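For clarity, every value in this text was computed on a predicted model and none was experimentally measured.
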Amino acid sequence: MQNAKESVLLKFLCYIFIPIMIFVLAISIIDVSITSQYGEMEGPEEYIETEEFGREYLLTLIYKVQDINDDKEEQRINQKTTNTSPTSGMTSESDLTDSDTNTETSEDIAFDKENSNSFSHYNEIEDESYEYPVYYEVINYNSTMISQYINYIIIDKENGNMFTNIQSNDYPEEMNKLKTEKTNWSYQDGKITTNIHTINQESTKYMTSSTYSTDNFEGYEIYSNIDPNTLNYSNSLYVQQTVYNIFKGHENLPAYLIPLSSILILVMIVYLIWATGHEKGKEGIQLNSIDKISYEIISIVIMFVIGMMMSFAVASVESQIPQRILMSVFLLCYLIGYACLAVWVSTTIRRLKAKQFIRSFLTYKVCRWIKVTIQKIFKKVTDKENANRKITIMYWGFVVISIILACTMWSGIGLLVLIAFWIWTYYKLLQYNKKVQKINEALRNIYEGNPNVKLNEEELEGTLKIMAKYINDIAGGFTNAIEQSLKSERLKTELITNVSHDIKTPLTSIINYVDLLKKEEINNAQIEQYIAVLDKKSQRLKKLIEDLVEASKVSSGNVKLNMEIINLKELLNQTIGEFEDKLEKKNLKIEMDLPNENVLITADNRYLYRVIENVFSNISKYALEGSRVYIKLEKQKEEVYLEFKNISKDKLNISAEELMQRFVRGDKSRYTEGSGLGLSIAESLTELQGGKFKIDIDGDLFKVEIKWKSER
């Protein structure tokens with residue numbers, strides 16, 4: 001059962017077969033309805049004999065007459081309004097004679113003639129075969145599906161006006177044709193003449209209602225007919241014949257398909273309701289992106305699309321769309337409507353099962369937001385430690401008191417009291433702002449590194465008092481932290497110095513004895529190799545201890561500088577000379593870019609040399625053998641710029657910031673010489689002398705940038 005609930009294939013098949021079964025069910029029901037109502041319907045002749053055709057035919061003519069009556073009534077209203085409207089030359093009632101009240105003026109006659117041509121769906125045409133005005137239909141009011149196939153002539157017996165949708169040069173002859181052709185219907189003096197038995201004199205009594213009956217034809221003569229062959233182009237008849245032809249020869253098939261398709265649809269719908277929201281390998285109901293859209297919005301959009309598809313399908317039947325594409329239009333509208341409905345139903349089920357239905361409404365979210373906002377406001381107002389409470393109370397108190405005092409301004413005393421209240425309010429605001437400034441000043445001192453701040457909490461109240469307490473605690477905490485940090489740094493420096501001193505004493509003895517052994521004549525090559533290893537490792541340990549002690553001194557600031565003017569160009573050449581052997585051993589070629597003039601800076605000669613020495617030491621250890629090392633020295637405005645660039649032999653899988661930390665080296669460099677302190681010491685010494693030290697890594701390119709203030 002669990003596999004069936006989570007099966008994507010079963011869900012997909014259900015979504016595919018449901019519209020097919022619904023289509024089969026609908027076609028079967030339509031076929032049963034058509035067969036029971038019309039019997040066999042082989043073509044237009046059989047359709048004409050149906051009550052549906054008769055009703056459509058009669059309603060078409062009724063709508064035409066009603067349309068004409070509506071236009072005539074509108075003309076009468078307009079005429080009455082014009083005749084009773086005031087004019088510049090008004091005549092008093094006493095000046096009117098009996099002949100004036102019973103005789104139309106020339107303006108009234110002109111108005112009648114002008115408005116007699118105003119029919120919403122007709123235009124007047126010239127015709128000499130008929131002595132009265134003839135109006136030709138230019139807009140077909142598609143109130144029924146067969147209205148476009150009926151030919152008619154309607155004569156208004158009141159004024160002789162003719163209304164028609166037939167183009168002819170001899171309308172009396174056309175009236176005779178309409179009376180005699182095969183399928184015709186005429187109305188004269190309350191009598192119906194027709195060969196359509198469903199709408200003859202007797203049948204119309206049972207077919208029409210009080211609203212739509214032949215009583216609407218009073219005052220008109222109507223002549224009409226329809227050519228059965230034109231009904232072949234009727235989309236309505238085409239749809240019905242298509243359905244009829246599907247089951248032709250299988251009259252009993254719909255009786256079996258209706259219950260079978262209904263059961264299958266019900267089973268698939270129940271399964272989808274049960275399985276919707278479950279996914280394989282996941283627990284609980286799973287919501288998708290559609291389920292996150294507000295329920296009102298998705299419902300409105302889907303209902304709008306479904307409504308548009310239904311309207312378009314109905315309009316396709318009533319319009320003259322080609323029959324060869326009619327079924328394609330039906331199918332497209334049906335599939336789009338079904339897809340929208342399936343999305344809407346599935347998202348509704350998922351929301352209900354996940355207990356998120358109410359919460360997915362936009363209305364719910366808005367109401368919840370309003371509720372939360374009100375709760376926050378209420379909490380702020382009622383919270384005694386919240387500044388908003390005091391501000392709110394003071395503000396609205398000010399407003400209310402001001403309004404009360406303003407109402408007494410009619411007296412001089414009330415005005416003076418109001419002005420005094422405003423002055424008092426301004427004074428209280430200044431006092432409050434003064435207290436805020438004290439807190440602001442304390443925060444600024446702490447920000448600038450002065451933790452010796454102490455606010456008098458008794459001078460403050462409310463939120464400001466709480467803020468003062470926090471600031472005092474923070475200031476005290478900073479002071480303690482700084483003292484602890486300095487104490488820890490001193491202890492660390494003392495520990496490193498003492499341990500280094502204790503190590504250096506036996507290390508010095510080891511180095512001295514190794515030197516003595518090197519001077520002895522030893523004929524054993526293995527022992528000589530051991531002595532060489534001892535010498536190398538002892539020297540490395542000595543260098544590491546010296547670096548450790550120096551790094552400790554630099555970090556604690558326990559370094560005495562002897563600042564003097566130094567020629568950086570000369571010092572750089574000297575250092576290159578000292579490292580020439582090491583660089584040649586690694587086959588590293590130096591590319592120099594030095595200015596012609598001397599470059600002077602203010603620094604400590606010993607520590608500046610140590611900075612440059614550490615950079616060259618790093619290059620000699622980690623640069624790619626056989627590559628180039630680029631050194632550039634130049635003056636930039638008021639600064640001296642020194643740059644070292646080389647290609648690393650190992651992959652630099654570390655950032656520049658991490659590489660500047662103590663004891664940090666690249667992964668492969670961990671197994672080579674070096675303590676990881678060289679660059680950190682170089683940076684610290686540079687900054688102590690007023691310079692800037694920066695490392696940049698770009699792929700395998702390693703670059704060091706050093707800047708000092710230039711001495712002119």
Side-chain angles (χ1 to χ4, degrees), residues 496 500 539-563 566-583 585-586 588 590 592 599 601 603-624 629-633 640-650 652 654-666 669-670 672-697 701-708:
I496 293 174
S500 300
Q539 292 296 333
R540 181 181 176 187
L541 182 58
K542 180 182 178 182
K543 182 68 168 59
L544 176 60
I545 293 173
E546 291 174 351
D547 288 347
L548 190 61
V549 172
E550 189 163 12
S552 177
K553 289 181 179 180
V554 170
S555 63
S556 63
N558 190 20
V559 176
K560 295 181 180 180
L561 298 176
N562 182 23
M563 304 297 286
I566 300 171
N567 186 348
L568 183 58
K569 178 181 176 182
E570 180 181 340
L571 182 62
L572 190 62
N573 286 324
Q574 177 185 344
T575 309
I576 293 173
E578 293 178 2
F579 277 86
E580 187 175 0
D581 293 339
K582 290 185 177 180
L583 296 175
K585 185 177 180 181
K586 293 289 187 69
L588 296 173
I590 302 295
M592 302 283 290
V599 179
I601 62 172
D604 185 295
N605 185 68
R606 183 167 65 91
Y607 289 121
L608 179 60
Y609 170 77
R610 183 64 190 276
V611 170
I612 298 174
E613 179 190 31
N614 283 3
V615 175
F616 271 104
S617 176
N618 187 79
I619 292 172
S620 64
K621 293 176 183 176
Y622 305 120
L624 179 65
V629 177
Y630 296 90
I631 302 174
K632 181 180 180 181
L633 177 64
V640 172
Y641 177 78
L642 177 59
E643 179 185 79
F644 299 87
K645 290 193 296 186
N646 68 275
I647 302 298
S648 175
K649 65 180 178 180
D650 297 318
L652 295 174
I654 190 171
S655 65
E657 290 77 12
E658 292 176 312
L659 198 59
M660 290 296 296
Q661 297 176 10
R662 297 179 186 178
F663 305 106
V664 174
R665 292 178 289 170
S669 302
R670 298 180 188 274
T672 60
E673 285 189 42
S675 61
L677 292 170
L679 294 178
S680 177
I681 293 172
E683 180 189 28
S684 300
L685 290 175
T686 302
E687 292 177 353
L688 282 174
Q689 298 174 79
K692 297 178 182 179
F693 189 94
K694 179 184 176 183
I695 289 178
D696 189 20
I697 296 175
L701 177 63
F702 181 81
K703 181 167 70 173
V704 176
E705 297 177 358
I706 306 175
K707 292 182 181 180
W708 275 280

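Taking CG from Asn614 and OH from Tyr609, the interatomic distance works out to 9.5 Å, rounded to the nearest 0.5 Å. Separating the OG atom in Ser648 from the CG atom in Asn618 is a distance of 8.5 Å, to the nearest 0.5 Å. To the nearest 0.5 angstrom, Leu633 atom CG is 10.0 Å from Ile706 atom CD1. In this structure, Lys707 NZ and Phe693 CZ are separated by 13.5 Å, a value rounded to the nearest 0.5 Å. Atom CE of Met563 is separated from atom CG of Asn605 by 11.0 Å, given to the nearest 0.5 angstrom. Distance check, rounded to the nearest 0.5 Å: CG of Leu624 to CD1 of Ile619 gives 13.0 Å.
Residues satisfying the side-chain contact (heavy atoms from CB on, under 4.5 Å) criterion with Lys645, sequence neighbours excluded, are Tyr630, Glu643, Leu701, Lys703. For Gln689, there are no side chain to side chain donor-acceptor pair (under 3.5 Å) partners two or more places apart in sequence or in a different chain. Under the rule for a ring pair (Phe, Tyr, Trp, His ring centres under 6.0 Å), the partners of Phe579 that lie at least two apart in sequence or sit in another chain are Phe616. With sequence neighbours left out, Gln574 forms a side-chain contact (heavy atoms from CB on, under 4.5 Å) with Leu571, Glu578. Residues forming a salt bridge (Lys or Arg N to Asp or Glu O under 4.0 Å) with Glu613 (at least two apart in sequence, or on another chain): Arg610. For Ile601, the side-chain contact (heavy atoms from CB on, under 4.5 Å) partners are Leu568, Ala603, Leu608, Val640, Trp708, not counting sequence neighbours. With sequence neighbours excluded, the residues that form a salt bridge (Lys or Arg N to Asp or Glu O under 4.0 Å) with Lys632 are Glu634. For Asn567, the side chain to side chain donor-acceptor pair (under 3.5 Å) partners two or more places apart in sequence, or in a different chain, are Asn598. A search for side-chain contact (heavy atoms from CB on, under 4.5 Å) contacts involving Glu687 returns Glu683, not counting sequence neighbours.
Not a single donor-acceptor pair under 3.5 Å links the side chain of Lys692 to the backbone N or O of Thr686. In this structure, the side chain of Ser684 does not engage the main chain of Ile681 through any donor-acceptor pair within 3.5 Å.
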### Query
Passes side chain to side chain contact (heavy atoms under 4.5 Å, CB included), Leu642 versus Ile631? Steps please.
CA-CA 7 Å; Leu642 177 59; Ile631 302 174; 4.2 Å; yes

### Task
Could you go through the side chain to side chain contact (heavy atoms under 4.5 Å, CB included) check for Leu572 and Val599 one step at a time?
CA-CA 10 Å; Leu572 190 62; Val599 179; over 6 Å; no

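Looking at every heavy atom in both residues, Val611 comes nearest to Ala682 through CG2-O, 3.7 Å.
Counted within 6.0 Å of CD on Gln539, heavy atoms from surrounding residues, nucleotides or ligands total more than 12; the atom is thus considered enclosed.
Using a 4.5 Å heavy-atom threshold, the side chains of Glu580 and Ile590 count as separate. Considering only heavy atoms from C-beta on, Arg606 stays 4.5 Å or farther from Asn562 through its side chain.
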